[in-house]
Q: 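Okay, here's the structure, questions in a sec.
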Protein chains: 2
Amino acid sequence: MSKIYTPDTAALGVEQVLRLLEGRWKLVILFHLFDGKVQRYSDFGRLIPGISQKMLSQQLRQLEADGIVSRKLYPQVPPKVEYRLTEWGQALCPALDSMLKWAEKRETLQSPPEAS
Amino acid sequence: MSKIYTPDTAALGVEQVLRLLEGRWKLVILFHLFDGKVQRYSDFGRLIPGISQKMLSQQLRQLEADGIVSRKLYPQVPPKVEYRLTEWGQALCPALDSMLKWAEKRETLQSPPEAS
DNA sequence: CGGGATCCAACAGGATACTG
DNA sequence: CAGTATCCTGTTGGATCCCG
């Protein structure tokens, strides 16, 4: 361990990384790539009814730029693009899974305070 | 198992719950309540240098309304308020921990694509 | 099919001042 | 100390049109 992390600087690093997951649709997109699933651009539009094309491409590009999602283009006509998690993105799955479990606990642990 | 969840409706439920964690500062606040820690209002201001009072109280109140954080007021002068995770909020800790581990993996799994 | 560009409305969020 | 109220700006996000 040559690295020196005080608790504070470590916390700051976490803040930076957490910002990569911000955004109205990123987690939802990630959930649809969970478990190694591969999706095409139009798949997301179908899986996530509320999202606009702009948001979809924007969030996908940010996830791609941040090294969480990879984009594979098949240069054919009509074009075909596949999205999947990168290796690092796959490493997020345990966290996503925990959040899934947490969501379910809401009903057993307390009565939900009525969706706002 | 009397509940009937199709994968799709389950995914929708997740989306709703994930929205409870949206917001620029919520996860950061949660991290500072991690592991049963108790913080006062002013503690957050010190722990999270960039946050404004408005954002702090706003995010705290949302977390409270959503049943993730509890607020304990000591009716004295000057007033004293303590924040901690609710039982359900505590259940988020495994997920937070996973995200922490994920953040650290970034350096071992790939070279960070330069913070934007 | 898989986007980009543009315009616009809504909201998130910051700075400051004030209060019990 | 622990907030609230107000104002103001930047960003988010939706709708629409266009392109390779």
Side-chain angles (χ1 to χ4, degrees), chain A residues 12 15-16 18-33 37-66 68-86 115-116, chain B residues 12 15-33 37-66 68-85 115-116:
Chain A
L12 285 177
E15 292 188 34
Q16 302 308 313
L18 287 182
R19 303 204 61 169
L20 306 183
L21 300 179
E22 276 181 21
R24 177 74 178 76
W25 303 103
K26 285 188 183 176
L27 273 309
V28 180
I29 289 174
L30 257 25
F31 267 104
H32 286 294
L33 293 173
K37 284 194 287 286
V38 177
Q39 307 285 0
R40 297 181 57 174
Y41 182 85
S42 53
D43 289 333
F44 290 114
R46 186 173 36 76
L47 293 167
I48 313 173
I51 199 172
S52 67
Q53 296 173 336
K54 175 187 174 184
M55 279 302 99
L56 178 54
S57 63
Q58 188 180 100
Q59 307 267 293
L60 280 172
R61 278 182 200 297
Q62 288 179 15
L63 288 170
E64 187 191 357
D66 292 332
I68 299 171
V69 161
S70 73
R71 179 178 181 272
K72 183 171 185 180
L73 165 68
Y74 294 84
Q76 61 190 32
V77 178
K80 173 183 170 182
V81 180
E82 285 180 348
Y83 292 92
R84 74 198 69 209
L85 296 178
T86 63
S116 50
Chain B
L12 286 176
E15 292 187 32
Q16 303 308 314
V17 174
L18 288 182
R19 303 204 62 168
L20 306 182
L21 300 179
E22 277 182 19
R24 177 74 179 75
W25 303 103
K26 285 188 181 175
L27 274 308
V28 181
I29 289 174
L30 258 24
F31 266 104
H32 286 293
L33 294 173
K37 285 195 286 287
V38 177
Q39 308 285 0
R40 298 180 57 175
Y41 183 85
S42 52
D43 289 333
F44 290 114
R46 187 172 36 75
L47 293 167
I48 314 173
I51 200 171
S52 66
Q53 296 172 336
K54 176 187 172 182
M55 278 302 98
L56 177 54
S57 62
Q58 185 179 103
Q59 306 268 293
L60 280 172
R61 279 182 200 296
Q62 288 180 16
L63 288 170
E64 188 191 357
D66 291 332
I68 300 171
V69 161
S70 73
R71 179 178 182 271
K72 183 171 184 178
L73 165 68
Y74 294 85
Q76 62 189 33
V77 178
K80 174 183 172 185
V81 180
E82 285 180 349
Y83 291 93
R84 74 197 69 210
L85 295 179
S116 49

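Everything numeric in this text was worked out from a predicted model, so none of it was measured. So that the names make sense, note that chain A is the first sequence line, chain B the second, and so on, each numbered from 1.
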Q: Just to confirm, is there a sub-4.0 Å distance from OP1 or OP2 of C:dG3 to any side-chain nitrogen or oxygen of A:Tyr83?
A: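 So the side-chain polar atoms of A:Tyr83 do come within 4.0 Å of the phosphate oxygens OP1 or OP2 of C:dG3, strictly under.
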
Q: At under 4.0 Å, does any side-chain N or O of A:Ser57 touch on OP1 or OP2 of C:dG4?
A: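 For C:dG4, OP1 or OP2 has a side-chain N or O of A:Ser57 closer than 4.0 Å.
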
Q: What nucleotide among C:dG2, D:dT4, C:dG14 has an atom nearest to a side-chain atom of A:Arg71?
A: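 Taking heavy atoms from C-beta onward, the closest nucleotide is C:dG2.
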
Q: Take the protein atom CD of A:Gln39 and the nucleotide atom C1' of C:dG2, then report the distance between them rounded to whole Å.
A: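 For the pair A:Gln39 CD and C:dG2 C1', the rounded distance is 15 Å.
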
Q: State the CG-CD1 distance between A:Leu60 and A:Ile29, to the nearest 0.5 angstrom.
A: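 So the CG of A:Leu60 and the CD1 of A:Ile29 are separated by 4.5 Å.
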
Q: Both A:Pro79 and A:Trp25 contact DNA chain D. Taking the nearest nucleotide for each, which residue is further toward the 5' end?
A: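 Its nearest nucleotide being more 5', the pick is A:Trp25.
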
Q: Provide, to the nearest angstrom, the distance between the CG atom belonging to B:Leu56 and the P atom belonging to D:dA2.
A: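 About 10 Å, once rounded to whole Å.
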
Q: Please determine whether a side-chain nitrogen or oxygen atom of A:Arg40 lies at a distance below 4.0 Å from atom OP1 or OP2 of C:dC1.
A: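 Result: no.
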
Q: Once you round it to whole Å, what is the distance between P of C:dG3 and CG of A:Asp43?
A: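 For the pair A:Asp43 CG and C:dG3 P, the rounded distance is 12 Å.
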
Q: Check this one for me: any side-chain N or O of A:Arg61 less than 4.0 Å away from OP1 or OP2 of C:dG3?
A: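 Yes, A:Arg61 has a side-chain N/O under 4.0 Å of OP1/OP2 on C:dG3.
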
Q: Are A:Arg40 and A:Asp43 within salt-bridge range, i.e. N to O under 4.0 Å?
A: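 So A:Arg40 does not pair with A:Asp43 through a salt bridge.
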
Q: Less than 4.0 angstrom between a side-chain N/O of B:Gln58 and OP1 or OP2 of C:dG14, yes or no?
A: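 For C:dG14, neither OP1 nor OP2 has a side-chain N or O of B:Gln58 closer than 4.0 Å.
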
Q: Rounded to whole angstroms, how far apart are CE on A:Met55 and P on C:dA5?
A: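 Roughly 14 Å, once rounded to whole Å.
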
Q: Atom CD of A:Glu64 and atom C1' of C:dG2: how far apart are they, to the nearest Å?
A: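 One finds 13 Å between C1' of C:dG2 and CD of A:Glu64, rounded.
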
Q: If you find the nucleotide of DNA chain D closest to B:Ser42 and the one closest to A:Gln53, which residue's nucleotide is nearer the 5' end?
A: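 Nearest-nucleotide comparison on DNA chain D picks B:Ser42.
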
Q: Measure the distance from NZ on B:Lys72 to C1' on D:dC1 and round it to the nearest whole Å.
A: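 Rounded to the whole Å, the gap is 18 Å.
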
Q: The side chain of B:Lys54 is closest to which nucleotide in this list: C:dA15, D:dA2, D:dG14?
A: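 The closest nucleotide is C:dA15.
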
Q: Ignoring hydrogens and geometry, is there a side-chain-to-backbone donor-acceptor pair from A:Tyr41 to A:Gln53 under 3.5 Å?
A: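 At least one qualifying donor-acceptor pair exists.
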
Q: If the condition is side-chain contact (heavy atoms from CB on, under 4.5 Å), which residues does A:Arg71 pass it with, not counting sequence neighbours?
A: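 For A:Arg71 the side-chain contact (heavy atoms from CB on, under 4.5 Å) partners, ignoring immediate neighbours, are A:Arg61, A:Glu64, A:Leu73, A:Val81, A:Tyr83.
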
Q: For A:Leu60 and for B:Ile51, locate the closest nucleotide of DNA chain C by heavy-atom distance; then report the residue assigned to the nucleotide nearer the 5' terminus.
A: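 Whichever sits nearer the 5' end wins; that is A:Leu60.
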
Q: Does any N or O in the side chain of A:Gln59 come within less than 3.5 Å of the main-chain N or O of A:Lys26, such that one atom is a donor and the other an acceptor?
A: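 Checking the backbone N and O of A:Lys26 against the side chain of A:Gln59, a donor-acceptor pair under 3.5 Å is found.
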
Q: Considering every strand and a 4.0 Å limit on heavy-atom distances, what is the contact class for A:Gln76: base, sugar-phosphate, or nothing?
A: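 Result for A:Gln76 = nothing.
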
Q: Between atom CD in B:Gln62 and atom P in D:dT4, what is the gap in whole Å?
A: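 Distance, rounded to whole Å: 12 Å.
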
Q: How many whole angstroms separate atom NZ of B:Lys80 from atom C1' of C:dG20?
A: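 Taking NZ of B:Lys80 and C1' of C:dG20, I get 19 Å after rounding.
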
Q: Below 4.0 angstrom from OP1 or OP2 of D:dT11, is there any side-chain N or O of B:Arg24?
A: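 For B:Arg24, the contact criterion (side-chain N or O under 4.0 Å from OP1 or OP2 of D:dT11) is not met.
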
